Structures are given as structure tokens and as C-alpha cells.
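First comes the structure, then the notes that go with it.
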Amino acid sequence: WPIVRMPMGPGIGDFPILIEELKSDGVLAEEESRVGPFKTTVYNFVGSPEAPRLHPDQQSAVKKAVEFISNEDLKAI
């Protein structure tokens with residue numbers, strides 16, 4: 001899932017699609033909640049410890065991306 005530039009800093013591209021896939025795969029459970037007067041959605045991890053892992057190449061790419069931005073100001077990203 002691509003990391004994209006958003007008004008308040010980096011975000012996950014197509015985030016709603018990702019969440020729907022994780023819910024349909026049984027990895028996340030969704031529940032409605034209230035925080036003061038506001039409705040919010042809470043996602044809980046319910047997948048098994050045997051949930052699919054990232055391929056080593058994918059793990060390496062994520063690690064490099066995190067290292068690349070770790071010392072950057074959010075507005076610079």
C-alpha cells in the first residue's frame with residue numbers, strides 16, 4: 001500500500017480499501033464507539049498469530065522507507 005502525501009502529513013493510499021480487505025480476511029474487527037459527542041470507529045486485531053507475513057523483500061522495502069523518513073519533519077515529507 002503506497003504512502004501518499006496528504007494535507008496533515010503522510011498517509012496510506014486507498015486506506016478504506018485496505019481496511020475492507022483486512023476485515024473481510026478476518027484480521028480486523030470493527031466496532032462503533034463514542035468519544036464525547038463524536039462517533040468513532042475502533043478496529044481491533046483479531047487475526048491469528050499465523051496471519052500472513054510480508055515477504056522478506058517487502059519487509060526490506062518498509063524498513064528502508066521508515067529509515068528514509070525517520071528524521072524528517074512531517075511537513076517536509
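We're numbering straight along the sequence, starting at 1. Scope of the values below: all heavy atoms of this structure, side chains included, with no hydrogens, waters or symmetry mates. All values reported here derive from a predicted model rather than from experimental measurement.
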Give the minimum heavy-atom separation between Val46 and Gly26, together with the two atoms involved.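 Taking every non-hydrogen atom into account, CG2-O, 3.4 Å.
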
Atom of Val4, atom of Ile12 and distance for their closest heavy-atom approach: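 That closest heavy-atom pairing would be CG2-C, 4.2 Å.
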
If Ile, Leu, Val, Met, Phe, Trp and Tyr residues are connected whenever their side-chain heavy atoms lie under 4.5 Å apart, and connections chain through other members, are Ile17 and Met6 in the same group?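 No, because Ile17 and Met6 fall into different hydrophobic clusters, even though each may have its own neighbours under 4.5 Å.
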
Examine Tyr43 and Val35 and state if one hydrophobic cluster contains both, with Ile, Leu, Val, Met, Phe, Trp and Tyr joined whenever side-chain heavy atoms are less than 4.5 Å apart.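 Different clusters: Tyr43 never reaches Val35 through Ile, Leu, Val, Met, Phe, Trp or Tyr contacts under 4.5 Å.
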
Spatial distance of atom [atom1] ([X]) from atom [atom2] ([Y]) [nearest 0.5 Å]:
| X | Y | atom1 | atom2 | answer |
| --- | --- | --- | --- | --- |
| Lys63 | Ser70 | NZ | OG | 11.5 Å |
| Ile19 | Asp14 | CD1 | CG | 12.0 Å |
| Glu31 | Thr40 | CD | OG1 | 10.0 Å |

Kindly say whether Leu18 contributes a backbone atom to a donor-acceptor pair with the side chain of Glu21 at under 3.5 angstrom?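 No, because the side chain of Glu21 does not come within donor-acceptor range (under 3.5 Å) of the backbone of Leu18.
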
Could you tell me whether the side chain of Ser24 and the main chain of Glu20 form a donor-acceptor pair under 3.5 Å?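 Flag set: sc Ser24 to bb Glu20 pair under 3.5 Å.
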
State which residues pass salt bridge (charged side-chain N to carboxylate O under 4.0 Å, His left out) with Glu30; sequence neighbours excluded, sorted by chain then number.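 With neighbours one apart ignored, the set is Lys23.
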
Other residues, nucleotides, ligands: >12 heavy atoms within 6.0 Å of Asn71 CG: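 No - once you tally the heavy atoms of other residues, nucleotides and ligands closer than 6.0 Å, there are 12 at most.
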
